[in-house]
J.: 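Dropping the structure in here first, questions after.
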Amino acid sequence: MADIETDVLIVGTGPAGSATAALLSSYGVANMIVNRYRWLSNTPRAHITNQRTMEVLRDLGPEVEAEAMMHASPQELMGENVFCESLAGEEIGRMKSWGVHPLSKAEHLLSSPCFMNDLPQTFMEPILFKSACARGTQARMSTEYVSHVQDADGVTTTCHDRLSGKDFTVRSKFLVGADGGNSLVAEHLGLPLEGKMGVGGSMNILFRADLSKYVAHRPSVLYWVMQPGADVGGIGMGLVRMVRPWD
Ligand SMILES: Cc1cc2nc3c(=O)[nH]c(=O)nc-3n(C[C@H](O)[C@H](O)[C@H](O)COP(=O)(O)OP(=O)(O)OC[C@H]3O[C@@H](n4cnc5c(N)ncnc54)[C@H](O)[C@@H]3O)c2cc1C
């Protein structure tokens, strides 16, 4: 007999897991979500949010879409994709992107009633997670997925409570592995992953500084910095990414 029973156990409170939980709870399906950390994403990571994603948020309810739009940077501020030697240096060129070119803007407007926007993961996750919990999802933080055993009727999953140091089991009809790119659930299932890992190195630096005078006249979410010799690892370019306009 397992310690806890639910219909769906979701491992991971990232965008995939939290959205799954919010949708299941909206449809009245009992579910529980676990995250090995004590809180949600602490870095902005995923941000360019497309129209289809916004339609999913609209399906969750107009208040969910509205809250996302309240925190998002609007599409008008996204699209002057700049290539430069440095933010304060020579500009090599610009490319209109993310649907701000008039031709592509028309396609966007015809494709969906929802708008592309820039919403860092630090804002998106709490919106999805809160929607899930408010609608009935049972959430357990500091709880790590350890292993699972599947049989004809469902799944028994072992989790580790990082606060008490104790293991417990969850019996569910389904287990969702939303535990990210290095998914242990997928590994335990033996699911094959296509593609090559570690093709380029990268380092992320999060900083706050008023950059208005360098970027506000050419609003974009991405500024590609190209310098001779900057070809170690990665893609040979640096990238200054807007998290909040313009600091
Ligand atoms: C530094 C960085 C920068 C990025 N920049 C961008 C970007 O600019 N644009 C973009 O679109 N995407 C970006 N990404 C990618 C984006 O963050 C991912 O595509 C997205 O987060 C995937 O969502 P997910 O819900 O599948 O997984 P994740 O967001 O990775 O969430 C996985 C969840 O599973 C939990 N978890 C993992 N293992 C366990 C376990 N054993 N037990 C319990 N919980 C577990 C984690 O704590 C987390 O809650 C970036 C990623 C990183 C790391």
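Order of appearance sets the numbers: ligands from 1, and atoms from 1 within every ligand. Scope of the values below: all heavy atoms of this structure, side chains included, with no hydrogens, waters or symmetry mates. The chain is numbered in sequence order, starting from 1. Fair warning: this is a prediction, and the values are worked out from it, not measured in the lab.
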J.: Any atoms of ligand 1 less than 4.0 Å from a non-hydrogen atom of T143? List them with their elements.
T.: 43 (C)
J.: Is the NZ or CZ atom of R244 both under 6.0 Å from the centre of the six-membered ring of F123 and within 45° of that ring's axis?
T.: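 Yes, R244 sits over the ring of F123.
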J.: In Å, rounded to the nearest 0.5 Å, how long is the span from CD of E90 to CZ of F83?
T.: 15.5 Å
J.: In terms of residue, atom name and distance, what is the protein heavy atom nearest to atom 46 (C) of ligand 1?
T.: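 Result: N35 OD1, 3.6 Å.
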J.: Identify the protein heavy atom lying closest to atom 26 (O) of ligand 1, giving its residue, its atom name and the separation to 0.1 Å.
T.: A16 CB, 3.7 Å
J.: Please check: side-chain N/O of T6 versus main-chain N/O of L9, any donor-acceptor pairing under 3.5 Å?
T.: no
J.: Going by the atom numbers of ligand 1, which of them fall below 4.0 Å from some non-hydrogen atom of R241?
T.: 8 (O)
J.: Who's the nearest protein heavy-atom neighbour of atom 14 (N) of ligand 1, and how far?
T.: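 Its nearest protein heavy-atom neighbour is A46 N, 3.9 Å.
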J.: Should you measure from each heavy atom of N204, which atoms of ligand 1 turn up under 4.0 Å away?
T.: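 What qualifies from ligand 1 is 1 (C).
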J.: Looking at residues at least two apart in the chain, or sitting in another chain, which of them share a ring-ring contact (aromatic ring centres under 6.0 Å, His included) with W39?
T.: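 Testing W39 for ring-ring contact (aromatic ring centres under 6.0 Å, His included), a comparison that skips the adjacent residues, returns F129.
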J.: Considering the heavy atoms of A178, write down every atom of ligand 1 situated less than 4.0 Å from one of them.
T.: 32 (C), 33 (C), 34 (O)
J.: Is R140 salt-bridged to D161, going by a charged N under 4.0 Å from an acidic O?
T.: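 A salt bridge links R140 with D161.
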J.: If the cut-off is 4.0 Å to any non-hydrogen atom of Y145, which atoms of ligand 1 fall inside it?
T.: 40 (C), 41 (N), 42 (N), 43 (C)
J.: With no hydrogens and no angle check, do the side chains of R171 and T156 hold a donor and an acceptor under 3.5 Å apart?
T.: yes
J.: Would you say ligand 1 has an N or O under 3.5 Å from any N or O of T13?
T.: yes
J.: Within the structure, is a non-hydrogen atom of N182 found at a distance of less than 4.0 Å from ligand 1?
T.: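 N182: no contact with ligand 1 (<4.0 Å).
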J.: Among protein heavy atoms, which lies nearest atom 45 (C) of ligand 1, and at what distance?
T.: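 So the nearest neighbour among protein heavy atoms is R36 CG, 3.9 Å.
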J.: Flag atom 17 (O) of ligand 1 as yes if some protein heavy-atom distance to it falls below 4.0 Å, otherwise no.
T.: yes
J.: Within the 4.0 Å heavy-atom shell around G14, which atoms of ligand 1 are there?
T.: 25 (O), 29 (O), 31 (O), 33 (C), 49 (O)
J.: Does S18 approach ligand 1 within less than 4.0 angstrom via side chain, backbone, both or neither, non-hydrogen atoms only?
T.: neither
J.: For atom 35 (C) of ligand 1, state whether the nearest protein heavy atom is under 4.0 Å away.
T.: yes
J.: Of all the non-hydrogen atoms in the protein, which one sits nearest to atom 50 (C) of ligand 1, and at what distance?
T.: R45 CB, 3.8 Å
J.: Determine whether the side chains of H188 and Y145 contain a donor N or O and an acceptor N or O closer than 3.5 Å.
T.: yes
J.: S25 and T137: side-chain donor and acceptor closer than 3.5 Å?
T.: yes
J.: So, H217 versus Y214: side-chain donor-acceptor pair below 3.5 Å or not?
T.: no
J.: Please determine if R52 and E55 form a salt bridge, counting it only when a charged side-chain N lies under 4.0 Å from a carboxylate O.
T.: yes
J.: Does a donor on one side chain and an acceptor on the other come within less than 3.5 Å for S73 and D118?
T.: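 There is no such pair (donor and acceptor under 3.5 Å, judged by atom type) between the side chains of S73 and D118.
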J.: For atom 28 (P) of ligand 1, what is the nearest protein heavy atom, given as residue, atom name and distance?
T.: G180 CA, 4.1 Å
J.: Of all the non-hydrogen atoms in the protein, which one sits nearest to atom 20 (C) of ligand 1, and at what distance?
T.: Q121 OE1, 4.1 Å
J.: List the closest protein heavy-atom neighbour of atom 22 (C) of ligand 1: residue, atom name, distance to the nearest 0.1 Å.
T.: P15 CD, 4.6 Å
J.: So, regarding I48 and ligand 1 (criterion: nitrogen or oxygen to nitrogen or oxygen, under 3.5 Å), is there a contact or not?
T.: no
